[in-house]
Participant: 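I'd like to ask you about the structure that follows.
This one's a predicted model, so the numbers in the text were calculated from it and none came from an experiment.
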There are 2 protein chains.
Amino acid sequence: MNDRSDNTDPMARTSGSHSEITGPRLREAAQRLFARHGYASVTMRQIAAEVGVQVGALYNYIPDKQGLLADLMRAHLEELLAAWAAEPRGEGPLGALEAFTRFHIRFHLERPDAVFIAYMELRNLAPENFAGIEALRKRYETELEDILRAGQAAGVFDLPDTKLATLAVIAMLTGVTTWYRDAGRLSRERVAGLYWDMVRKAVAA
Amino acid sequence: MNDRSDNTDPMARTSGSHSEITGPRLREAAQRLFARHGYASVTMRQIAAEVGVQVGALYNYIPDKQGLLADLMRAHLEELLAAWAAEPRGEGPLGALEAFTRFHIRFHLERPDAVFIAYMELRNLAPENFAGIEALRKRYETELEDILRAGQAAGVFDLPDTKLATLAVIAMLTGVTTWYRDAGRLSRERVAGLYWDMVRKAVAA
DNA sequence: GTCTATAGACTGATAGAC
DNA sequence: GTCTATCAGTCTATAGAC
């Protein structure tokens, strides 16, 4: 956390102190580049160029490249869990499943780069980082699994294998990020509605 | 490291001519390593070590690393299309959809490494290779889309948006490769049956 | 066809000036 | 906090001996 303020002429130089702006810009640039080209293909020099600083300056904000990747993924997953925790649920298992479906699609379409990294760069995590990230992913999966299990118990869903259904639904929903384009023929609301139709029918008793 | 020779017996040396064996072994090793660590993270030296030759020898079989990746992906997708073309279909759109579902799961579970590469390494393809690979992927998608469209026309499916349904079903089915393990509690046949249950219900009229 | 050796370029990360 | 300069290591790909 930074709390700097008050410089007499903060705009006049191209070199000097920019801690409040360089940190976030570094993370944004890295996220965009990692998503586009892959973590292993992106160099620290490319990131620095995007931010507008020299490469050495980046290391004021990150321990190393690996730590940067782990932080991006952890921040994304924690934001995902927090947002779902704050999301209003519908009534009963069916309402909860609809809420989850629409939330998942909305949240993922708003952060395509972060989603891409979270799903594609797991194998580039060092083992000590992997465990924690994987645990967060698991926690999110469990949120859906709990909904499906409750619906199964209540008799509104018919799911011979709840765990498999959980993974199938998440894979189907997450797939939207691979093809959806804002300029396309379908609005996000429409897309969410169409996916909800399929999910509802797929799990129905 | 290697001394060698004493070349009285042609089979007794570790250096010499091995064209029939080195080529396939190179492709197998690259596929395994690319899937495990990612194309950009794997070095030609790692591949050579896995094959059991020095790095220079690899270039008798490939033009460069990029060409190796493109060849692996093209071979996988062409095999996929050929195998589906040879697959027996069931009766009507419902039979065709069941055939596609079971085929897709079986084929993908038999080649986890190739599947992983085909889905994850698209962004590491040079533009001139990307176009052709993407066209093959599209052709496979169209196979499913045609089935869904026929079922919609026949009134056995209810799909407000056939294209979206196509992508949703493929994403759901392909997701099986991210979690299935042979040592797990479910057989491949059982898994295919459970997915088919969900697909059938999701598209039903 | 495979080897050794190397060119030539690039990598992540650090030291010290300002 | 950012800069310049650089280290020490790695990379792909090639040349020429065998």
Side-chain angles (χ1 to χ4, degrees), chain A residues 1-27 29-30 33-34 37-71 121 124-126 129, chain B residues 1-8 10-27 29-30 33-34 37-71 124-126 129:
Chain A
M1 295 300 241
N2 311 331
D3 65 337
R4 121 120 24 39
S5 57
D6 152 59
N7 270 335
T8 46
D9 187 4
M11 306 297 286
R13 70 221 152 162
T14 60
S15 146
S17 201
H18 297 280
S19 68
E20 287 134 33
I21 177 163
T22 301
R25 276 169 60 90
L26 159 57
R27 299 169 66 85
L33 289 170
F34 287 169
H37 308 292
Y39 168 77
S41 300
V42 174
T43 70
M44 297 305 291
R45 284 169 178 80
Q46 280 179 273
I47 298 172
E50 196 92 345
V51 174
V53 297
Q54 293 302 311
V55 65
L58 299 181
Y59 290 89
N60 289 315
Y61 302 93
I62 58 167
D64 49 29
K65 192 186 178 189
Q66 167 68 207
L68 172 57
L69 174 63
D71 276 353
E121 302 296 358
N124 283 312
L125 282 175
N129 293 324
Chain B
M1 161 160 86
N2 293 346
D3 43 286
R4 245 357 128 347
S5 12
D6 108 49
N7 281 334
T8 44
M11 302 300 285
R13 64 196 173 188
T14 60
S15 143
S17 198
H18 296 281
S19 67
E20 287 132 35
I21 176 163
T22 301
R25 276 167 60 90
L26 159 56
R27 300 169 65 84
L33 289 170
F34 287 169
H37 307 292
Y39 168 78
S41 300
V42 174
T43 71
M44 298 304 291
R45 284 173 178 78
Q46 281 178 274
I47 299 173
E50 196 92 344
V51 175
V53 298
Q54 292 303 310
V55 66
L58 299 181
Y59 290 88
N60 289 317
Y61 303 93
I62 57 168
D64 50 29
K65 193 187 177 188
Q66 168 68 206
L68 172 57
L69 174 63
D71 275 355
N124 283 312
L125 283 175
N129 292 326

Participant: Between A:Tyr61 and D:dG1, is there a contact of a side-chain N or O with OP1 or OP2 at under 4.0 Å?
Facilitator: no
Participant: Separation of B:Asn60 atom CG from C:dC3 atom P, in whole Å?
Facilitator: 10 Å
Participant: Contact between A:Ile62 and A:Leu26 at the side-chain level, heavy atoms closer than 4.5 Å - yes or no?
Facilitator: yes
Participant: What's the separation between atom CG in A:Leu33 and atom OG1 in A:Thr43, rounded to the nearest 0.5 Å?
Facilitator: 8.5 Å
Participant: Only counting residues at least two apart or in another chain, list the ones meeting side chain to side chain contact (heavy atoms under 4.5 Å, CB included) with A:Asp64.
Facilitator: A:Gln66
Participant: Summarise protein proximity over nucleotides 8-18 of chain C in one line of letters, 5' to 3': B for base, S for sugar-phosphate only, - for none, counting protein heavy atoms closer than 4.0 Å.
Facilitator: ---BBBB----
Participant: Answer whether the closest heavy-atom distance between the side chains of A:Tyr61 and A:Arg27 falls below 4.5 Å.
Facilitator: no
Participant: Quick one: A:Leu58 CG to D:dT2 P, roughly how many Å, whole number?
Facilitator: 9 Å
Participant: With the side chain counted from C-beta on, respond yes when B:Tyr59 and B:Met44 share a heavy-atom pair under 4.5 Å apart, and no when they do not.
Facilitator: yes
Participant: Does a nitrogen or oxygen in the side chain of B:Gln54 sit under 4.0 Å from OP1 or OP2 of C:dT4?
Facilitator: yes
Participant: Under the side chain to side chain contact (heavy atoms under 4.5 Å, CB included) test, which residues partner B:Ala29, sequence neighbours left out?
Facilitator: B:Arg32, B:Ile47, B:Glu50, B:Val51
